[in-house]
Engineer: 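Sharing a structure below in structure tokens format, with a few things to ask.
Note on naming: letters A, B, ... go to the chains in the order of the sequence lines (proteins, then strands), and numbering restarts at 1 for each one.
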Amino acid sequence: MTLDSKAPKGIPLAEKWKSSKFNYKLVNPANKRKYDIIVIGTGLAGASAAASCAELGYNVKTFCFQDSPRRAHSIAAQGGINAAKNYRNDGDSVYRLFYDTIKGGDYRAREANVYRLAEVSVNIIDQCVAQGVPFAREYGGLLDNRSFGGAQVSRTFYARGQTGQQLLLGAYSAMNRQIKAGMIKSYTRHEMLDVVVKDGKTVGVIVRDMVTGEISRHAGHAVLLCTGGYGNVFYLTTYARGSNATAIWRAHKKGAYFGNPCYTQIHPTCIPVSGDHQSKLTLMSESLRNDGRVWVPKAKGDKRKPEAIPENERDYYLERKYPSFGNLVPRDIASRAAKEQCDAGHGVGETGLAVYLDFADAIKRMGQKAVEAKYGNLFDMYKQITGENPYTTAMRIYPAVHYTMGGLWVDYNLMTTIPGLYALGEANFSDHGANRLGASALMQGLADGYFVLPATIGDYLADVERTAVSTNSPEFDEAEKAVRQRIDTLLNIKGKKTVHEFQRELGLIMWEYCGMARNDAGLKKGMQLIQALRDEYWKNVLVPGEAAELNQNLEKALRVADFMELGELMMRDALERRESCGGHFREEFQTPDGEALRNDDEFSYVAAWQYQTQSAADSILHKEALDYEFIKRSQRSYK
Amino acid sequence: MKLTLKVWRQKNASSNGNFETYQIDNIIEDMSFLEMMDVLNEKLTKENLQPVAFDHDCREGICGTCSMYINGKAHGPLKGVTTCQLHMRSFKDGDTIVIEPWRASAFPVLRDLIVDRTAFERIQQAGGYVSVNTGSVPDANAIPVAKAHADTAFESAACIGCGACVAACKNGSAMLFVSAKVSQYALLPQGNVERADRVLRMVAQMDAEGFGNCTNTEACEAECPKEISVSNIARLNREYLAASLSK
Ligand SMILES: Cc1cc2nc3c(=O)[nH]c(=O)nc-3n(C[C@H](O)[C@H](O)[C@H](O)COP(=O)(O)OP(=O)(O)OC[C@H]3O[C@@H](n4cnc5c(N)ncnc54)[C@H](O)[C@@H]3O)c2cc1C
Ligand code: SF4
Ligand code: FES
């Protein structure tokens, strides 16, 4: 199968989305209610898509595993959302946001997609304000902005340190309005465990009620996977504990190609690991880098308190290495630089796996009050977790897994390689290339859900039979049977090791061999280790309890089983990509001063993997070539 | 440290529950409360017993999923934090900790420490939104909003929907939660048009769900992890009165 991105070609960038919208087939308003759309996931992408499709008149069902749509992982986003409003008059434009995103992604994203994202970004802010999202404002009553995540313009809109929460509550309120209107039926504490495909088209899903254990079938004319990222394959991450890859992995096994699985974002400003008991890592918004300064002691193994280390014995290594961007270099660069310092013995704290993020100068310059107003909640959180006071001593930070740029491969219309199956938000691979800029995930999730999908889905549905899809078919029978079998198998192994132990072990393997720096030998070894761990899992896992009850161990066991396969594919992808780009750093490919060395001649493509067997060694690689019509590629430089 | 845990165990909504006592060792101060529960659950699992079911997700105080009633307080002894943000440094060696689910007739127990909070969903569906469709809106800066109003609206909107206010209240009242949502919209021009209708519908739904009456004990504010102010309740009462009179 050749991959067709369906991105319009041969017309000016600014015309592509407009012209596509005009060319899409439309569904007659009276017919829309005859189409059933199933939305899996109610984060920013899912909630906005569900509400917008329902407003158009489609019949929508939503599913999420939390007890309320409002609790999706999007709720945790802190820093903000980008939009090319140019309210600051500081030279921002749609083109600049487009350019920054392509460059930030190290030239591994599709031009047409990214331009569209930048274009609709402005509508997102309008939409959210109209919903009553309480963004930060200035004294004149207009919206405030800040510069974020390495951007040289102030285009980030925010709601204190809780932007994701406020945006999600906005999308959730739009959903609630449609639930009330009878256009959306919302299922909470329900987990999707398989996609059903018939005659090459998506016809529905198999779902488990997490309270009763009941397995049910749901049919639809289209299914949207809005299930978020798969970073929890690393175990210790900034993701919510429940975030998982099951929906997209099951879709992958049914034929949806997986795009760029190895592209993982490691966020530079997280609270370091403190011990084996740790269940998650907490991110502190990188807006902290606007005023905080990152440094390590010049002397190796310096165990003095940070306050006791004089100025001339500190190395502000980001400011030194990247004078023009300083502490605001993109995430991949900041993370790698921290690892470099720690590997070289300059790390601080008990484990030596941390660097300082210091606000002493900011407090001197702006006063403690101003720092408190800007970052108070983040400082409180730090204190809560570490027991230290960041107003008087420098914070310790270390990089942690935070986001996955990879995901299901989708075309310009957000459709996967299975007709009728779409992927939105973090669950797809689109838009961010090999590295995502700060405040751009919220933008992408809402762009996909509010504006892109509602326009593209009609083009597919217009050609689909309007009669209700039946759940009475051999395909549904088979999918349901397979789900039941998987559950029974897991419950009946009755081995000796807990799911939790397996998950931690998998995470350690991933972090060691597929983390911030990767190499050929390590990846090969990692793949073997995962295969062995997976074999052991299916022989020795211990899952207490029964299928027909609320059983949290079983939920986790199903998710970890899928992570065990996905992890290996990530390694295979990282192995095949013999270049460094964005978040993917191959030690063999670096410039003399240690920066990522891209290879556009050989690797300017999206890797789209086709599933064959449980072992990623058998997966088939398809390449979607990335042609740059408008932007001239260069070596990324933030010096 | 060594601890004695008295934990509420209940198989499902229709069975009777009871307290079970567990001894647990090697707990360190840096652990969060939920990490301590993870240790207990690993231990139970290894003994092939059912681990304690409890709700959690983000583990950083924002999703509103975690919900434990610890030593007679919703979210435990610390002010302004959720269960997941509570750390074991708030306890000491030898302590006995009593852990229960939210207790309220509108929040039935589903299993162990997990309750059904869908009553909150229905209240929000009754009117917790501004009726705008995607796409049909003015420019974001078309309507200025006084900073003070925007900030106060934000403070109300910071509610995480955890339900601690209901659990803390001897009447099982949901007034703090409902008033926070009503306030957010009442303070913003965008919410103004449907203001009267909204408050009437949300309060009617709250009553229909079987939440108790507010008798101004202010226990809700004291145990709310986001320190949502009871001044929201006063605003709700004013909004409700004004709306009732205008009908
Ligand atoms: C701590 C933190 C801070 C962040 N800060 C920012 C920021 O400031 N700016 C920014 O732009 N981005 C930020 N991000 C990234 C951003 O929050 C996410 O990428 C984005 O919110 C993902 O949204 P989503 O809608 O794709 O998925 P999610 O919000 O993850 O939602 C996933 C949904 O899928 C459901 N689901 C998953 N699997 C299943 C299944 N099998 N069955 C049923 N339902 C399922 C879940 O219940 C949930 O509803 C941050 C991320 C983290 C971790
Ligand atoms: S008002 Fe406070 S206690 Fe009540 S639901 Fe909201 S955050 Fe929780
Ligand atoms: S688990 Fe999210 S608030 Fe506690």
Side-chain angles (χ1 to χ4, degrees), chain A residues 51-52 55 66-68 70-71 73 75-76 85 87 123 125-127 129-132 134-135 137-143 159-160 162 165-166 169 173-174 176-177 179-180 188 211 240-242 274-275 277-280 282 381 384-385 387 450-451 454 498 500 542 544-545 549-550 552-553, chain B residues 12 28 30-32 34-35 38-39 42 45-46 48-51 53 55-65 81 85 87 89 110-111 114 117-118 120-121 124-126 128-135 137-141 144-147 150 153-154 157-158 161 184-185 188 190-191:
Chain A
S52 304
E55 286 163 11
Q66 291 93 347
D67 69 334
S68 163
R70 69 178 286 160
R71 304 202 204 285
H73 174 55
I75 201 95
K85 281 283 197 188
Y87 282 163
N123 307 110
I125 304 302
D126 299 342
Q127 191 61 37
V129 166
Q131 289 167 346
F135 282 117
R137 287 180 184 267
E138 299 181 318
Y139 284 100
L142 303 184
L143 294 165
R160 221 165 284 178
Q162 282 126 278
Q165 179 196 30
Q166 294 309 319
L169 292 180
S173 73
N176 278 335
R177 175 168 166 247
I179 294 173
K180 165 103 171 157
T188 58
V211 177
R241 298 305 303 139
S274 72
H277 60 272
Q278 201 142 351
S279 61
K280 82 158 278 169
T282 303
M381 188 163 86
Q384 201 58 252
I385 294 172
Y450 282 133
F451 298 106
T498 64
H500 180 77
L542 169 62
E549 62 178 351
L550 196 162
Q552 292 179 313
N553 255 311
Chain B
N12 53 40
I28 56 175
D30 276 345
M31 282 182 184
S32 72
L34 296 186
E35 284 164 353
D38 291 342
V39 172
E42 276 295 283
T45 305
K46 289 246 164 192
N48 220 342
L49 298 171
Q50 265 304 316
D55 257 335
H56 67 106
D57 200 22
C58 74
R59 294 206 175 188
E60 55 183 73
I62 191 71
C63 71
T65 311
V81 301
Q85 292 173 300
H87 280 73
R89 62 182 82 91
L110 294 174
R111 173 160 208 159
I114 298 183
R117 286 175 287 200
T118 47
F120 271 11
E121 299 298 298
Q124 291 176 96
Q125 287 156 17
Y129 48 77
V130 176
S131 299
V132 288
N133 280 0
T134 304
V137 301
D139 182 86
N141 262 346
V145 181
K147 184 168 165 34
F154 173 85
Q184 175 195 346
Y185 291 121
L188 293 172
Q190 287 80 10

Engineer: Please report the shortest heavy-atom distance between B:I62 and A:Q162, naming the atom on each side.
Structural biologist: CD1-CG, 3.8 Å

Engineer: Quick one: does B:D30's side chain get under 4.5 Å of A:Q278's, heavy atoms only?
Structural biologist: no

Engineer: Counting heavy-atom pairs closer than 4.5 Å to chain B, which one of A:G387, A:S173, A:A76, A:A159 comes out on top?
Structural biologist: A:S173

Engineer: Decide yes or no for B:D57 and A:R71: does some side-chain heavy atom of the first lie under 4.5 Å from some side-chain heavy atom of the second?
Structural biologist: no

Engineer: Just do the side-chain contact (heavy atoms from CB on, under 4.5 Å) check on B:D38 and A:H277 with the steps written out, would you?
Structural biologist: CA-CA 9 Å; B:D38 291 342; A:H277 60 272; over 6 Å; no

Engineer: Tell me the closest heavy-atom pair linking A:R137 and B:A150, and the distance in Å.
Structural biologist: CD-CB, 3.7 Å

Engineer: So what's closer than 4.5 Å to chain A heavy atoms on B:R89: side chain, backbone, both or neither?
Structural biologist: side chain

Engineer: Look at the side chain of A:Q165 and the backbone N and O of B:A158, then say whether any donor-acceptor pair between them is shorter than 3.5 Å.
Structural biologist: yes

Engineer: What part of A:L143 gets closer than 4.5 Å to chain B, counting heavy atoms only: side chain, backbone, both or neither?
Structural biologist: both

Engineer: As an exercise: rank A:G545, A:G242, A:G132, A:S279 by heavy-atom pairs under 4.5 Å with chain B and give me the winner.
Structural biologist: A:S279

Engineer: Please flag which part of A:Q66 lies under 4.5 Å from any non-hydrogen atom of chain B: side chain, backbone, both or neither.
Structural biologist: side chain

Engineer: What part of A:Q131 lies closer than 4.5 angstrom to a heavy atom of chain B: side chain, backbone, both or neither?
Structural biologist: both

Engineer: Which answer fits A:S274, side chain, backbone, both or neither, if we ask what part of it has an atom under 4.5 Å from a heavy atom of chain B?
Structural biologist: side chain

Engineer: Which heavy atom of A:E55 sits nearest a heavy atom of B:V132, and at what distance?
Structural biologist: OE2-O, 3.7 Å

Engineer: Under a 4.5 Å heavy-atom cutoff, which of A:I179, A:I125, A:V211, A:L169 has the most pairs with chain B?
Structural biologist: A:I179

Engineer: Can you tell if the side chain of B:N12 reaches within under 4.5 Å of the side chain of A:E549, non-hydrogen atoms only?
Structural biologist: no

Engineer: If every non-hydrogen atom of A:P134 is compared with every non-hydrogen atom of B:A157, which pair is closest and at what distance?
Structural biologist: CG-CB, 3.9 Å

Engineer: List in chain and number order the residues that pass ring pair (Phe, Tyr, Trp, His ring centres under 6.0 Å) with B:H87, two or more places apart in sequence or in another chain; answer none if no residue qualifies.
Structural biologist: none

Engineer: Please tell me whether A:T498 and B:E42 have a donor and an acceptor in their side chains that are separated by less than 3.5 angstrom.
Structural biologist: yes

Engineer: Is the closest side-chain heavy-atom distance between B:P51 and A:N553 below 4.5 Å?
Structural biologist: yes

Engineer: Is there side-chain contact between A:S68 and B:R117, with heavy atoms separated by less than 4.5 Å?
Structural biologist: no

Engineer: Measure A:Q552 against the heavy atoms of chain B and call it side chain, backbone, both or neither at under 4.5 Å.
Structural biologist: side chain

Engineer: Please find the pair of heavy atoms, one from A:A130 and one from B:V130, that lie closest to each other, and give the distance.
Structural biologist: O-CG1, 3.5 Å

Engineer: Does B:G135 offer a backbone N or O that forms a donor-acceptor pair with the side chain of A:Q127 under 3.5 Å?
Structural biologist: yes

Engineer: Which bit of A:L550 comes within less than 4.5 Å of chain B, counting heavy atoms only: side chain, backbone, both or neither?
Structural biologist: both

Engineer: Which residues satisfy the ring pair (Phe, Tyr, Trp, His ring centres under 6.0 Å) test with A:Y87, sequence neighbours excluded?
Structural biologist: A:F157

